[in-house]
Amino acid sequence: MKFTEEHEWLRADGDVFVVGITEYAAEQLGDVVFVELPEEGSDVKKDDEIVVIESVKVASDIKAPLDGTIVAVNEKLADAPALVNEDPLGEGWFFKMRIDDASAVEALMDEAAYKAMIS
């Protein structure tokens, strides 16, 4: 897995990357009550705001970690947004994307660097 400074994680799944938020981010948000996902097939640029999360504490945006195309979204979150809190590194993923330049993923943080950043 790779991590961004915005508390997102990316995990390779074949030729696409699954994207979600970290346990730390889910804890900071509090109980998630609504998630608005991007449209499948949409092209995104790094730092585009593409997911809206509403929790009991705050509304927040998730930004695209890299340039690419959204190839799938987690439809389960429409009916069960709490999955983001319950299983942020698993069933609580947001979208899958095909990265324009897969080598750009290597520039992101590994788990040790991410843990150092949040501690």
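Excluded from the calculations below are hydrogen atoms, water molecules and symmetry mates; all remaining heavy atoms, backbone and side chain alike, are included.
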Mind checking the CD1-NE2 spacing from Ile62 to His7? Nearest 0.5 Å is all I need. 9.5 Å
Atom of Gly68, atom of Asp100 and distance for their closest heavy-atom approach: CA-OD1, 3.4 Å
Check: Val16 main-chain N/O paired with Asp13 side-chain donor or acceptor under 3.5 Å: no
Could you go step by step and tell me if Ile70 and Ser42 meet the side-chain contact (heavy atoms from CB on, under 4.5 Å) rule? CA-CA 5 Å; Ile70 305 300; Ser42 54; 3.7 Å; yes
From Asp47 atom CG to Glu6 atom CD, the distance as rounded to the nearest 0.5 Å: 6.0 Å
For Pro38 and Val73, work out which heavy atoms get closest and say how close. O-CG1, 3.2 Å
Side-chain donor or acceptor of Asp48 paired with backbone N/O of Ile50 under 3.5 Å: no
Flag if over 12 foreign heavy atoms under 6.0 Å of CD, Glu111: no
Quick one, Glu75 and Glu40 - any side-chain contact, counting heavy atoms below 4.5 Å? yes
Let me know which of Leu29, Val32, Val33 forms a side-chain contact (heavy atoms from CB on, under 4.5 Å) with Val56. Val33
Any link between Val105 and Val44 through a network of hydrophobic side chains (Ile, Leu, Val, Met, Phe, Trp, Tyr) touching at under 4.5 Å? yes
Grouping I, L, V, M, F, W and Y whenever their side-chain heavy atoms are under 4.5 Å apart, do Trp93 and Val19 come out in a common cluster? no
State whether the side chain of Asp87 and the backbone N or O of Glu91 hold a donor-acceptor pair below 3.5 Å, judged by distance alone. yes
Heavy-atom pair of closest approach, residues Asn74 and Gly92: ND2-C, 4.2 Å
How close do Phe34 and Pro81 get, counting heavy atoms only, and between which atoms? N-CB, 3.8 Å
Specify the closest pair of heavy atoms between Met109 and Glu5, including all atoms of both residues, with the distance to one decimal. CE-N, 3.5 Å
Examine Tyr24 and Val58 and state if one hydrophobic cluster contains both, with Ile, Leu, Val, Met, Phe, Trp and Tyr joined whenever side-chain heavy atoms are less than 4.5 Å apart. no
Atom pair CD (Glu8) and OG1 (Thr22), whose distance is rounded to the nearest 0.5 Å: 9.0 Å
Keeping the roles fixed (side chain from Asp61, backbone from Glu49), state whether a donor-acceptor pair exists under 3.5 Å. no
Calculate, to the nearest 0.5 Å, the distance between atoms CD and CD1 belonging to Glu27 and Ile21 respectively. 10.0 Å
Using 30° and 60° as the class limits, which term best fits the ring planes of Phe3 and Tyr114: parallel, tilted or perpendicular? parallel
Polar side-chain atom of Asn85 near backbone of Gly30 as donor-acceptor pair, under 3.5 Å: yes
Indicate, with yes or no, if Val52 and Leu83 share a hydrophobic cluster defined by side-chain heavy-atom contacts under 4.5 Å among Ile, Leu, Val, Met, Phe, Trp and Tyr. no
Does Arg11 reach the main-chain N or O of Leu89 with its side chain, forming a donor-acceptor pair under 3.5 Å? yes
In Å, rounded to the nearest 0.5 Å, how long is the span from CZ of Arg98 to CG of Asp67? 15.0 Å
Would a hydrophobic clustering, with Ile, Leu, Val, Met, Phe, Trp and Tyr connected at side-chain separations under 4.5 Å, put Phe94 with Leu108? yes
Could you go through Lys57 and Gln28, starting from their C-alpha distance and side-chain angles, then the distance that decides it, and tell me whether this counts as side-chain contact (heavy atoms from CB on, under 4.5 Å)? CA-CA 9 Å; Lys57 289 184 181 179; Gln28 297 302 307; 5.9 Å; no
Polar contact flag, side-chain donor to acceptor under 3.5 angstrom, Asp43-Thr69: yes
Looking only at non-hydrogen atoms, find the nearest pair between Met97 and Leu66 and report the distance. CE-O, 3.3 Å
Going from NZ on Lys96 to CG on Asp15, what distance comes out if it is rounded to the nearest 0.5 angstrom? 10.5 Å
Return yes if some donor-acceptor pair links the side-chain N/O of Trp9 with the main-chain N/O of Val18 below 3.5 Å, else return no. no
Between Asp79 and Lys76 (side chain of the first, backbone of the second, donor and acceptor by atom type, cut-off under 3.5 Å), is there such a pair? no
